[in-house]
Amino acid sequence: MTNEQLKEKLLQVFPGAVISETTQYVTLTVEPDKLHETAAALKGNPELHFDYLFCQSGTDVKEALGVSYFLESTDLRHHLLLKVSTTNRENPVLDTVCDIWETANFNEREIFDMFGITFKNHPDMRRMFLDEEDWVGYPLRKDYVDEVNIIERN
Amino acid sequence: MNSIIKYLKDLFGGIKTLLTGMMVTGYYFVHPKEIVTQQYPENRKTLVMLDRFKGELVMPHDENNQHKCTACSICEINCPNGTIEVISKQTETEDGKKKKELDTYIYKLGMCTFCGLCVKVCPQDAIEFSNEFEHAVFDKEKLTKTLNHPGSSLKSKQTAQ
Amino acid sequence: MQTGIPIEYFLITATVMFFAGVYGFITRRNLITMLMSVELMLNAVNINFVAFNRYLYPNLLEGQFFSIFIIAVAASEAAVAIAIIINIYRNYQSIDVDKTDQMKY
Amino acid sequence: MTEEIVQHDIEQEEYLLNMGPQHPSTHGVLRLLISLKGETVANIEPHCGYIHRGIEKMCEKLTYQQIIHLTDRLDYLSAHINNEAVCLLVEDALQIEVPERVKYIRTIISELSRLASHELWWCAFGMDMGALTTYFYGLRDREKILDIFEETTGGRLLQSYNCPGGLMNDIHPNFQKRIKEFIPYFRKKLPEYDELLTGNVIMQERTKGIGPISKEDVISWGVTGPSGRGSGFACDVRKHHPYSAYDKVQFEEILFTEGDSLARYKVRIAEMWESLKILEQLVDNIPEGDYAVKMKPIIKLPEGEYYQRVEACRGEFGVYVISSGEKYPVRVKLRSPNFSNLSALNRMAAGFKIADLVAVGGSLDLVIPDIDR
Amino acid sequence: MTGNQIMFILFSLMIIVFSVLTVTSRKILRAATFLLFVLVATSALYFMLNYQFLAAVQLTLYAGGIVVLIIFSILLTSHIGEKFESPALLKKVYAGIAVVAGTVLVITTILSYTFQNNNSVPRSVDMTTIGTDLMSYGDNGYALPFEVISILLLAAMIAAIVVAKKIKTK
Amino acid sequence: MKYEDFKDNETLELFKQTGGNVLFTTIDAVINWGRSNSIWPLTFATSCCGIEMMAAGASRHDFARFGIEVYRASPRQSDVIVVAGTIVNKMAPVLKRLYDEMAEPKYVIAMGACAISGGPFYYNSYHVIKGVDKIIPVDVYIPGCPPRPEALLYGVMQLQRKIQTETIRNPRKQPDTFADTEIK
Amino acid sequence: MAFSIYDLTAFNQSIHEALVQNLSPFWALIVEMTIIGLVFLLFYAIVGLFLVYAERKICGFIQNRVGPNRVGPYGIFQTIADFIKLLMKELIYIKNADKFLFNLAPFIVIIASFMAIAAIPFGLGLHAIDFNIGVLYVMAVSSLGVIGILLAGWSSNNKYSLIGAMRSGAQIVSYELSIGLSLVTIVILSGSMQLSTIVEQQRNCWFIFSGHIPAFIAFVIFLIASTAETNRGPFDLAEAESELTAGFHTEYSGIKFAFFFLAEYMNMFIVASMAATLFWGGWMPFHIPGLTSFNHVMDFIPPFFWYMGKTMVVIFLMMWFKWTFPRLRIDQLLKLEWKFLLPINLFNIVLMALVVLMGWHL
Amino acid sequence: MSSESLILFFIVAVILVGGAITFSSFIPPTSTNPVKSEPYESGIPTIGKTWLQFNVGYYLFAILFLVFDVETVFLFPWAVVMHTLKAQAFIEILIFFFILGLGLLYAWKKHALIWE
């Protein structure tokens with residue numbers, strides 16, 4: 001399916017969806033509260049059938065904490081970039097998608113570890129890499145400061 | 001009956017695969033010329049490193065104790081992890097112009113990752129990698145090196161050409 | 001071979017061993033140690049058999065064969081006993097004889 | 001007294017065993033917390049982060065040229081391929097067309113990396129299974145590849161040979177000759193691997209049916225690379241999204257459907273044969289030309305988001321870059337194959353024995369610094 | 001003093017000391033280890049009396065078989081650092097009195113009885129004799145017990161499997 | 001290899017400051033000979049350098065020639081811990097624990113840039129220990145990223161030379177500064 | 001017989017008589033015993049050190065490398081260096097470990113192997129004790145070693161150790177059976193359990209040849225079972241490095257670990273000696289009936305060399321196994337024993353009995 | 001030589017092992033630190049008790065071993081006289097094996113020979 005066809009299809013399934021094409025992939029941006037149902041539809045719809053989440057990344061761009069989901073359909077071979085973001089930096093909460101794509105389980109734990117985004121309904125919301133008890137702060141956030149460990153260059 | 005045949009088949013098939021494996025190891029046991037060991041400290045004299053091997057950053061000096069570094073610090077900026085520190089001094093030439101000159105070129109061998117960016121970006125080709133790899137020391141301080149020799153100076157344009 | 005050691009010494013050794021087993025069997029509450037006490041007693045008996053055989057009837061081999069069969073029986077006994085003990089342990093988390101008096105089957 | 005008797009089944013109690021961080025079979029500093037029932041593994045809880053170095057954070061303070069030396073140290077066994085991902089991303093973003101020669105050389109070195117990596121996997125897998133001699137035979141042949149690397153790139157393990165726009169320097173004159181010597185040599189040695197380990201009845205018994213995972217599960221868990229292809233997941237990026245010179249060569253995507261440890265093992269062995277085939281096709285046809293295009297000293301990607309996927313030795317490696325137009329990226333996400341592969345470990349190995357866990361772990365071929373980044 | 005006597009003193013002391021320790025040690029695995037020593041010493045006594053086959057059987061079955069089984073079950077049912085609570089004092093006293101009384105009684109009986117050492121020609125105890133006896137019928141034959149042992153073993157094996165496997169189906 | 005061929009002889013001379021009488025010298029020589037020729041490493045590798053350590057153990061370079069054949073997985077039985085790779089904050093207590101659990105005499109080789117100084121992760125990294133000598137005392141530093149197997153062999157020879165300067169009368173003690181360092 | 005020139009019985013006798021004449025019988029015995037003990041101790045140490053060295057060199061050659069070569073010529077002093085190192089290594093005591101049992105375990109393991117070596121005939125008239133139940137004695141004594149392993153694993157208070165010990169226990173006791181039964185096969189053939197008699201009976205033809213197929217099957221089973229019994233080769237689950245770090249001796253350091261290490265090699269030596277003695281004629285030279293001159297030439301090689309040669313061949317086979325095969329899993333290991341070796345062994349015994357019954361072995 | 005020499009062997013072995021361990025516990029350098037005497041578990045403090053989880057497989061094999069060990073021991077005297085007694089011994093052992101074979105078959109059928 002080409003990107004144009006995919007866009008049409010997406011608009012058909014999600015009327016009023018925000019679709020852009022800034023990367024090589026079609027980008028679909030959703031609101032946090034719609035995330036889980038959109039994700040379920042993306043996998044469940046036989047014509048879209050995005051069954052492979054090949055990359056899930058937390059982002060911290062311009063004050064908004066977000067998550068990018070890179071999706072691929074292994075049989076139809078089309079791609080989609082699903083984006084969601086929240087501006088609540090104090091207590092960001094998003095829905096988990098690990099019941100849809102199992103790989104999200106670890107990835108969401110990593111995002112929680114690095115960005116502090118909590119995922120609702122996640123079975124095991126703990127830090128992935130950093131020490132569970134001792135570590136304070138979320139290193140990949142832009143406002144993270146750590147004077148103990150980081151030696152700034154120059 | 002079939003199960004007995006299968007039992008025996010498993011038994012003898014298994015033994016055959018085991019013997020095949022033993023053939024391989026047995027072959028090497030009786031062929032000592034297949035030994036590939038390079039006896040390092042003994043073969044030190046004959047050991048030749050491949051010429052692009054990156055062992056250590058050096059600054060070549062010619063017979064007049066002159067190097068080519070102009071202290072432009074491009075290598076220092078390009079180094080990903082601050083291995084290089086170029087300390088320059090201002091000197092005045094005869095015609096009164098102020099000129100930047102290399103004072104010390106500090107190279108922290110213990111930090112270098114041998115990515116090669118410094119050599120690649122150097123506009124003067126003043127630094128290069130040597131093949132030396134025997135660096136192990138007891139004292140960490142010994143790993144911080146000064147690359148320019150004491151009393152060395154910049155190679156003048158004429159001699160360079 | 002048997003020069004110098006009277007048979008009584010063997011019997012006394014066996015006696016002490018036997019009564020040590022009795023003491024253990026009475027005072028211990030752990031099933032495995034009780035089993036061990038039983039083994040001690042059996043072993044004491046074996047020594048007696050062998051000593052009698054060697055000193056009193058060296059022309060026969062009854063004592064030795066009895067000992068061999070006792071050992072075989074002891075082994076079978078230990079096998080079954082341990083199986084039972086382990087089964088009790090699975091049910092009661094304990095092999096304390098006081099805690100397992102509620103055997104249901 | 002009678003009330004105190006608790007009738008619960010003892011097998012429900014958990015017996016926790018730490019495997020790692022310092023453990024010979026976790027191939028690094030992975031820590032697996034295993035709940036045991038007898039010798040059976042009930043649950044595996046991976047604890048990562050024992051080598052989390054914060055590379056993604058560091059990338060935000062480095063230029064694109066400098067990022068490359070960090071991607072080397074992710075999955076050090078496919079260092080060149082990781083570099084290539086970053087370079088391809090930068091070249092795509094700046095819309096630079098690199099010379100054909102560069103593409104060919106990159107592909108050759110990628111495939112050599114893959115061979116070296118799979119050989120090392122074979123050693124380590126054999127060692128996990130207790131066949132200690134595999135370690136020596138595998139590394140003996142790997143040294144030949146490392147010699148080729150060292151001669152051309154100057155590095156044995158971490159080559160740092162790519163740079164945005166091409167390569168650091170041209171290939172060594174001996175490069176092709178050495179590869180042409182290596183291919184027949186390795187074609188002779190590979191059947192030995194089969195005789196020594198693959199066919200061995202003990203090895204077959206220990207891996208057949210151990211750690212099975214279905215194709216649906218593999219896709220859902222995002223298990224890629226040889227591990228995914230062992231379950232029939234057609235995930236070879238080289239085939240489906242060709243980059244560099246992969247669209248110019250003929251090779252098979254190895255697929256097995258059993259999904260057990262033996263299938264994953266066989267995929268890797270077969271991939272070594274395929275890599276040899278690719279090498280043969282490329283090595284004589286390296287076109288003449290520049291080894292790099294002239295780049296500006298400071299690379300600034302246009303504002304936007306970029307993603308590049310390549311097939312590293314252990315699966316799909318992806319680089320996701322958000323750029324604001326500065327010389328430093330805003331966010332670099334490195335999609336590491338091992339991270340996803342690890343997440344499926346519990347799914348695969350639970351219910352088997354400790355020894356099987358080692359076999360499954362070995363067949364996944366985890367590289368821990370790649371997981372932790 | 002002959003070597004024989006020294007050996008006897010050594011081993012009988014070993015037997016006495018370790019049997020007492022077996023029943024008084026408060027750590028179960030130590031008790032099992034002391035039992036092992038007792039059994040090994042017993043086997044040494046058999047060696048001394050020249051019953052070599054019996055001694056080897058004692059070593060193989062008792063020391064190598066039963067003790068291993070006991071240690072196995074101890075490993076499974078108790079953990080390190082676990083101690084028995086000392087038995088009740090009263091129980092100890094009663095048992096002690098009974099045991100000491102019994103011991104004294106038996107020893108006095110033994111010492112008061114005169115054993116008639118039979119000086120008839122000793123029968124050799126080499127393996128052929130043992131084997132022939134074990135295989136033959138009649139006066140010195142043990143063929144029947146030999147076969148009965150096999151049935152006993154069968155019974156023990158089935159019993160052990162039944163008991164052990166029973167819970168498995170639960 | 002001859003004495004002059006080695007680097008850093010000045011530091012080695014410092015180790016040799018303690019003298020001894022003839023008897024002790026002989027005993028020392030025997031013990032040091034045993035120790036220096038039988039250095040069993042702990043199987044411990046965190047990242048890239050570990051692969052080169054493996055390569056050093058393989059047929060081409062063959063660690064075993066130096067008597068380093070027996071890689072022990074248990075710290076109780078190993079003599080030297082080759083810190084091959086980056087040590088991060090979460091790993092540091094583990095490494096310290098492993099070192100503490102080793103039996104005396106024990107040695108440490110810091111292999112590669114990461115172990116010496118944090119290497120590529122010295123600046124701007126929030127989770128890397130900047131040099132393993134901050135946690136445990138290091139005997140030999142082998143620079144390189146990763147050092148080639150020959151460099152590791154050279155480092156091992158340096159360690160052997162260092163072991164040969166020990167005396168039995170005042171055995172090498174863990175420096176006090178490390179004895180009760182608590183690492184968070 | 002030509003090899004009677006190597007008969008040491010007379011030599012032993014003369015020493016014995018010299019002692020008896022000069023000392024009281026008791027002291028004569030003590031002195032004699034001390035001499036034998038020291039000789040065996042020396043022998044034990046030399047064999048142990050040599051086997052460790054041999055294993056390193058053999059695995060080195062199998063693996064395309066040279067092995068230790070820097071300590072002495074060809075590295076022959078390597079194991080001595082190891083020994084000195086281990087002797088000068090700190091002994092660690094584990095908190096909460098049962099100290100008594102922790103210390104006892106290496107004793108049991110070493111003593112079991114040391115006692116077993118006493119009954120092995122090294123040459124004509126060269127054995128310490130010649131029991132009429134020699135075969136059973138060696139089996140009985142070496143079976144005690146497993147207790148040491150179990151105690152070591154339990155008393156270390158370490159999970160790896162305990163799992164390793166349990167595995168090892170199940171493994172050793174299982175394979176004990178196969179060893180016993182394959183020895184029974186040979187005892188049927190020879191009709192004696194005295195090791196010297198068994199060797200003597202192989203004067204003209206070794207049992208592995210005269211016993212036809214059953215003896216060969218018994219030999220193969222013995223080889224497999226003894227490899228398992230010594231925790232080596234593909235059966236090293238107890239110390240399975242990739243799973244349990246170092247298995248039952250994880251917590252042992254220094255010389256105590258060395259004893260476990262040594263015991264492994266000595267057990268290997270003992271089972272190899274047993275294999276050589278029972279199947280390959282012990283110190284008997286190789287004879288082909290009919291070729292008298294050939295037989296005479298063979299006779300001039302001293303019996304001790306014959307014995308050592310045969311033992312080393314068996315040891316080499318065991319090392320070859322170890323460096324070729326992957327490790328078995330515990331359930332496969334037990335399956336191999338209980339479903340393959342044990343039934344085959346029982347069948348084999350009946351077969352051998354049939355052979356003897358029919359007189360085919362003559 | 002007689003079986004007395006066994007004692008000597010025993011004593012020699014004890015002295016060897018004991019002497020080496022005694023030597024080794026006093027002479028080599030020592031150091032103390034809080035974690036040295038803790039059990040080693042891949043560098044992480046042990047969680048929970050060291051005592052092993054219960055499993056049928058472990059002791060079932062020990063029991064089976066014991067039973068067959070008794071059998072083995074009884075086979076030895078038989079084996080010695082097989083030469084002399086011939087047919088009589090052969091028939092007796094056939095009965096013996098038949099009965100024990102039933103046991104082995106039973107264990108096989110009940111899957112007692114599988115480690116779990």
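Keep in mind that the numbers below use all heavy atoms, side chains included, and drop hydrogens, waters and symmetry copies. Below, read A as the first sequence line, B as the second, and so on, with proteins coming before strands; counting in each chain starts at 1.
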**Study point:** chain D-proximal positions within residues 55-64 of chain F [heavy-atom distance under 4.5 Å]
**Key:** F:Ala55, F:Gly57, F:Ala58, F:Ser59, F:Arg60, F:His61
Practice item. Please check if the side chain of D:Gln22 supplies one atom and the backbone of F:Ser74 the other of a donor-acceptor pair under 3.5 Å. Key: no
**Study point:** Spacing of D:Leu70 atom CG and F:Phe121 atom CZ [to the nearest 0.5 Å]
**Key:** 5.5 Å
Exercise for review: Supply the atom-to-atom distance F:Ile87 CD1 to D:Arg53 CZ, rounded to the nearest 0.5 angstrom.
Suggested key: 11.0 Å
Point to revise | Exercise: identify the closest heavy-atom pair between F:Val94 and D:Pro21 | key: CG1-CG, 3.8 Å
Review point. With only heavy atoms counted, which part of D:Ile368 is less than 4.5 Å from chain F, the side chain, the backbone, both or neither?
Key: neither
Point to revise | Contact summary for D:Cys48 and F:Lys90, nearest pair of heavy atoms | key: O-NZ, 2.7 Å
Point to revise | Atom of F:Met54, atom of D:Leu139 and distance for their closest heavy-atom approach | key: O-CD1, 3.6 Å
Review point. If you measure from OG on F:Ser47 to CG on D:Leu74, what distance do you get to the nearest 0.5 Å?
Key: 11.0 Å
Practice item. Hey, could you give me the CD1/OG1 distance between D:Ile55 and F:Thr86, rounded to the nearest 0.5 Å? Key: 8.0 Å
Check your understanding: Under 3.5 Å, is there a donor-acceptor pair between the side chain of F:Thr46 and the main chain of D:Val29?
Key -> no
Review point. For chain F, which of D:Asp370, D:Asp147, D:Asp75 has the most heavy-atom pairs under 4.5 Å?
Key: D:Asp147
Exercise for review: To the nearest 0.5 angstrom, please state how far the SG atom of F:Cys145 sits from the OH atom of D:Tyr76.
Suggested key: 12.5 Å
Review point. How close do D:Gly49 and F:His127 get, heavy atom to heavy atom, and via which atoms?
Key: O-CE1, 3.7 Å
Practice item. Pick one of side chain, backbone, both or neither for F:Cys114, based on which atoms fall under 4.5 Å of a heavy atom in chain D. Key: neither
Practice item. Let me know if D:Glu150 has heavy atoms under 4.5 Å from chain F in its side chain, its backbone, both or neither. Key: side chain
Point to revise | Heavy-atom proximity to chain F below 4.5 Å, by part of D:Arg142 | key: side chain
Check your understanding: Is chain F contacted by the side chain of D:His69, its backbone, both, or neither, given a heavy-atom distance below 4.5 Å?
Key -> side chain
Study note, to complete from the structure: residues 146-153 of chain F vs chain D, non-hydrogen distance cutoff under 4.5 Å, contacting residues -> F:Pro146, F:Arg148, F:Pro149
Review point. Quick one: of D:Arg31, D:Glu60, D:Arg73, who has the most non-hydrogen atom pairs under 4.5 Å with chain F?
Key: D:Arg73
Exercise for review: Ignoring hydrogens and angles, tell me if any N or O in the side chain of D:Lys61 forms a donor-acceptor pair with the backbone of F:Ser125 under 3.5 Å.
Suggested key: no
